[in-house]
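One structure is given here, and the rest of the page talks about it.
This chain uses plain numbering: 1 for the first residue, then up along the sequence.
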Amino acid sequence: MADKFTEFAGRMGKAPKGTGTGLKLLVAAAAAAYGIKESVYTDLQMVNIGLRVLARPQATMLPDMYRKLGLDFDERVLPSIMNEVLKSVVAQFNASQLITMRQEVSLLIRRQLTDRAKDFFIILDDVSITDLSFGREYTAAIEAKQVAQQEAQRAHYQVEKAIQERQQKIVQAEGEAKAATLISFDVDSY
């Protein structure tokens, strides 16, 4: 069974690129694994986040869940609460914090998603961020900033080099002047 599940999961491919939401549903042994790729904006930057959730229904509440939410309760509930939680958590961080504080972001997503899933009698066994990337504009801006920093460092190095060369010429000129004075003093003494 596990081999068939792994093979099926491998054939599913990636979620669609760009804005919007891609959803994958993998079902095995009464547990569901959802993968969602969400494009969210923070600091006016598009952030692409991939999230994997392993969920199962609370067994004692199955009859009520089927009655209130239908047989496809997991397909109806999980995608919407995942989107809701992702958007609310990402909005709390700026773009650089999403990278540097990835563990905290992941923990916050897990806690909020677990709390929301409890309202629908769904137990989350695992929640993890599978992908975190930024839009092309943000990536290009980061690269441009790095290039500008390198050029500034290069210019600073060239200024330092020019100062050193100037200092070297001054010392050399002073040495030549002193040598000329000594030679002229020696010529006068003969």
For this session: Step by step, work out the side-chain contact (heavy atoms from CB on, under 4.5 Å) result for Leu132 and Asn48.
Result: CA-CA 6 Å; Leu132 180 61; Asn48 299 312; over 6 Å; no

Please check: side-chain N/O of [X] versus main-chain N/O of [Y], any donor-acceptor pairing under 3.5 Å?
{"X": "Arg102", "Y": "Gln97", "result": "no"}
{"X": "Gln112", "Y": "Ile109", "result": "no"}
{"X": "Thr181", "Y": "Ala177", "result": "yes"}

Sub-4.5 Å side-chain heavy-atom contact between [X] and [Y]:
{"X": "Leu51", "Y": "Leu113", "value": "yes"}
{"X": "Leu108", "Y": "Gln92", "value": "yes"}
{"X": "Phe120", "Y": "Phe73", "value": "no"}
{"X": "Leu78", "Y": "Leu124", "value": "yes"}
{"X": "Phe121", "Y": "Thr60", "value": "no"}
{"X": "Ile122", "Y": "Met65", "value": "yes"}

Problem set entry | Verdict with supporting geometry, Arg110 and Asp126, side-chain contact (heavy atoms from CB on, under 4.5 Å) | CA-CA 8 Å; Arg110 182 186 185 106; Asp126 185 38; 3.5 Å; yes

For this session: Would you sort out whether Arg166 and Lys169 count as a side-chain contact (heavy atoms from CB on, under 4.5 Å), showing the intermediate values?
Result: CA-CA 5 Å; Arg166 189 186 87 208; Lys169 288 179 182 178; 5.8 Å; no

Verify same cluster id: [X], [Y] (apolar side-chain graph, 4.5 Å):
{"X": "Leu107", "Y": "Val85", "answer": "no"}
{"X": "Leu62", "Y": "Leu69", "answer": "yes"}
{"X": "Ile81", "Y": "Leu86", "answer": "yes"}
{"X": "Tyr66", "Y": "Met61", "answer": "yes"}

Problem set entry | Crowding at CD, Gln149 (>12 non-hydrogen neighbours, <6.0 Å) |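 More than 12 within 6.0 Å, yes.
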
For this session: Check whether the side chains of Thr130 and Arg52 place a donor and an acceptor atom closer than 3.5 Å, and report yes or no.
Result: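 Note: Thr130 and Arg52 side chains miss the donor-acceptor criterion.
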
Going from [atom1] on [X] to [atom2] on [Y], what distance comes out if it is rounded to the nearest 0.5 angstrom?
{"X": "Thr100", "Y": "Phe93", "atom1": "OG1", "atom2": "CZ", "result": "9.0 Å"}
{"X": "Arg116", "Y": "Ser80", "atom1": "CZ", "atom2": "OG", "result": "7.5 Å"}
{"X": "Ser133", "Y": "Leu98", "atom1": "OG", "atom2": "CG", "result": "11.0 Å"}
{"X": "Met82", "Y": "Ile49", "atom1": "CE", "atom2": "CD1", "result": "11.0 Å"}

For this session: Applying side chain to side chain contact (heavy atoms under 4.5 Å, CB included) between His156 and each of Gln158, Glu160, Gln153, report the one that passes.
Result: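 Among Gln158, Glu160, Gln153, the one meeting side chain to side chain contact (heavy atoms under 4.5 Å, CB included) with His156 is Glu160.
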
